[in-house]
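These notes are about the structure you will find just below.
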Amino acid sequence: MCRNFGKTHSNTNSGSETSVTHLKYFSYICICVCACVCAECVQCFAGFDLIQGQCLEEIGEVDEADCCQNPHYGYKAADGVCRSCGPPTWSLWSSWSPCNVLCGDGVTQRSRKCYGKDPSQCENAADNLQTTPCSGTCCNECSSACSGPSEETGACPSQATCPVHGGWTGWSAWSHCSGSCISGQGAGVVTPQRTRKRTCSNPAPSSDTVPPGNSCPGDSSQKQDCSELPNCPVDGSWGAWSPAGPCSVSCGTGIKLSNRRCDRPAPKYGGKICDGPSTQSSVCQSPCPVDGFWSGWSNWGQCSSSCIPQGSVPTRTRQRTCSNPVPSSSPQGASCQGEDKQTDTCNQLPHCRVNGAWGPWSPYSSCPVTCGVGVQVSVRRCDSPAPQHGGQPCPGDGRRTSICKTDIPCPVDGVWSEWSEWSQCKYPHSNKSINCERIGGSQSRERRCLHRAANGNICSGMELSQLRVCYDVSRCLVKGTWDGWESWTLCRPPCGANSKRVRRRHCKPDYSNYNPTIGRRREKATFSGTPLADCGAAPDSGEKYQREPCVNVPACPENR
């Protein structure tokens, strides 16, 4: 499937430029179709985790051969299993599992996996599971019953009854306060109280003993002021009117004012303020022109919008009239000075929501790889405009990809094979047999640099073979001494029925009559082959070989 088949190009040019744009568009379609038609499509990934066996960083759907031009990549075919494109490589051994039984004899196992295009090419491909015995540690340690009764009883000697002295119970919780606020002032303050109680019943004093029990000392109740309560509200009350003041004008009709204060008492602690005016006026007459005076400003009108749109700010207005008083006409009074209308900006409103819109797609990035397949990226930003003030983000993705192919295989670095077995120890100068002779020989082993391809790095180190000096002691009769038991082997087979492990008593050959070094360079000698060492009768039980079954071994997996 081609993810970007629907890509479009905006066309704002004309003439020859239009032809170029169309050519680019059709060229893209051709490339896309070629990339999407593959013989064996797989999901390609730019990495493979050799520890977890997981594919990392999905690239997209390409032909398996194209994906695996890079040995570091991985892929998933139709079965959904992640596979490595690299040469066959063993993972690390897993940790040993917990013992598979809680009590008694069982086994613990560990495993490893071979990852690569052909897992069967891992050296020792069948060696992917190891098993060794273990013992469960959760056995019941109290399995043997105890003898005898678990309790003993005896009669208490008769005694006179002692008096029981009274003891207080704990204090009860404090009761609710007797009022909800503190009233009064000065010496007349009344503070609500709360109480708590206790009873002399823990225990109650005995009355039927001689002497009787003592009653509890102290009080059975306590009181406490609720000093944390708020003061009770005090409503305000007007004081007396003051004498009227002088006339407000020297001519014409004026007013005389008289004031009173809300201070008998003043409102406190949230009490109500005095109801009614604090000022009263009386008319005083004096003939003169009456100048006009503004009325108070009206309330602000509604804002021209319920939110602040981009690029402008809503406004509101208020008015006043020259009617307090209207200027006299005879004699002529002065008119009011100043404006009768004001405009204010509604900055306190919330901003209007701005939904985001995508900007144009960027050109695809250049192919990031020089071999194998890679991913080209095109991005767009949600900035035309960007979402603001709770507006919706842009729908869809801001990133799109396109797979690019180089058709060039990536280098595959070489890896060393395991060393071969040592060759037979032979006399270096002729075909002379040196078996069981105290004559030095030599033997060799080799290894190969595997899987190197496409000009990858050769294996580190230059040692393709190793040579050592030796004595051929294969099946030679030699004296020896017993040297304890060798370690138990792992359970074989590692799963299923009839799994066993073995160990041998070690008969250490006596090579004291051999020279420990060989040749002019006095190289340390190696004894090649297994001699027929004679250590005599085995000590203790006389056993030279032990075998024991591995029990509770799990069945083998179906794919093993």
Side-chain angles (χ1 to χ4, degrees), residues 179-192 226-309 311-352:
S180 61
C181 59
I182 300 172
S183 61
Q185 299 184 36
V189 172
V190 178
T191 303
C226 297
S227 57
E228 75 280 4
L229 294 175
N231 291 298
C232 296
V234 177
D235 295 338
S237 182
W238 290 112
W241 287 102
S242 67
C247 192
S248 62
V249 296
S250 58
C251 62
T253 301
I255 58 172
K256 295 187 291 185
L257 299 178
S258 180
N259 300 320
R260 60 178 175 174
R261 296 180 179 277
C262 186
D263 58 0
R264 298 289 180 87
K268 287 185 176 182
Y269 313 123
K272 296 179 180 178
I273 61 174
C274 299
D275 190 18
S278 62
T279 303
Q280 67 180 3
S281 61
S282 58
V283 177
C284 53
Q285 296 288 336
S286 181
C288 64
V290 177
D291 295 333
F293 195 79
W294 290 113
S295 66
W297 287 103
S298 68
N299 292 329
W300 286 104
Q302 297 241 343
C303 292
S304 58
S305 174
S306 60
C307 60
I308 301 175
S312 63
V313 179
T315 59
R316 60 181 180 174
T317 61
R318 66 178 181 176
Q319 296 83 27
R320 61 179 178 175
T321 59
C322 190
S323 59
N324 189 31
V326 176
S328 63
S329 57
S330 180
Q332 184 68 45
S335 184
C336 299
Q337 300 296 314
E339 58 186 9
D340 63 352
K341 184 178 181 180
Q342 284 185 337
T343 302
D344 182 35
T345 56
C346 298
N347 293 317
Q348 75 280 7
L349 294 176
H351 288 272
C352 299

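Starting from 1, each residue takes its place in the sequence as its number. These numbers come from the heavy atoms of this one structure, side chains and all, not from hydrogens, waters or symmetry mates. Computed from a predicted structure; not experimentally measured.
Taking each heavy atom of P325 and V290 in turn, the nearest pair found is CG-CG1, 3.5 Å. Residues A244 and K256 approach most closely at CB-CB, 4.3 Å, considering heavy atoms. P277 approaches W241 most closely through the heavy-atom pair O-CH2, 3.9 Å. Between K272 and P267 the shortest heavy-atom distance is O-CB, 3.4 Å. Considering every non-hydrogen atom in both C247 and G254, the closest pair reads SG-CA, 4.0 Å. Taking every heavy atom of both residues into account, R260 and G239 meet most closely at CB-O, 3.8 Å.
In this structure, CH2 on W300 lies 7.0 Å from OG1 on T343, to the nearest 0.5 angstrom. Distance check, rounded to the nearest 0.5 Å: CG of L257 to OG of S282 gives 8.0 Å. Atom OG of S305 and atom CG of L349 lie 7.0 Å apart (nearest 0.5 Å). Between atom SG of residue C226 and atom CD1 of residue I182 there is a gap of 8.5 Å, rounded to the nearest 0.5 Å. Atom CG in D344 sits 8.0 Å away from atom SG in C303 (nearest 0.5 Å). Atom SG of C336 sits about 8.0 Å away from atom CZ of F293, to the nearest 0.5 Å.
Identified under the side chain to side chain donor-acceptor pair (under 3.5 Å) test for residues 318-329, with sequence neighbours left out: S295-T321, R318-Q342, T321-S323.
Within the 3.5 Å criterion, the main-chain N or O of N259 finds a donor-acceptor partner in the side chain of S242. Side chain of W238 to backbone of S278: no donor-acceptor contact under 3.5 angstrom is found.
Atom CD of Q302 sits in a sparse spot, with 12 or fewer heavy atoms from other residues, nucleotides or ligands closer than 6.0 Å. In D275, the CG atom is not crowded: 12 or fewer heavy atoms of neighbouring residues, nucleotides or ligands sit closer than 6.0 Å. Within 6.0 Å of atom CD in Q337, 12 or fewer heavy atoms from other residues, nucleotides or ligands are found, so the atom counts as exposed in its surroundings.
R264 meets the salt bridge (Lys or Arg N to Asp or Glu O under 4.0 Å) test with no other residue; sequence neighbours excluded.
Residues C232 and S180 fail the side-chain proximity criterion, which asks for heavy atoms closer than 4.5 Å. With a 4.5 Å cut-off on side-chain heavy atoms, C181 and N231 do not count as touching. Counting only heavy atoms from C-beta outward, the side chains of P314 and I308 approach each other to under 4.5 Å.
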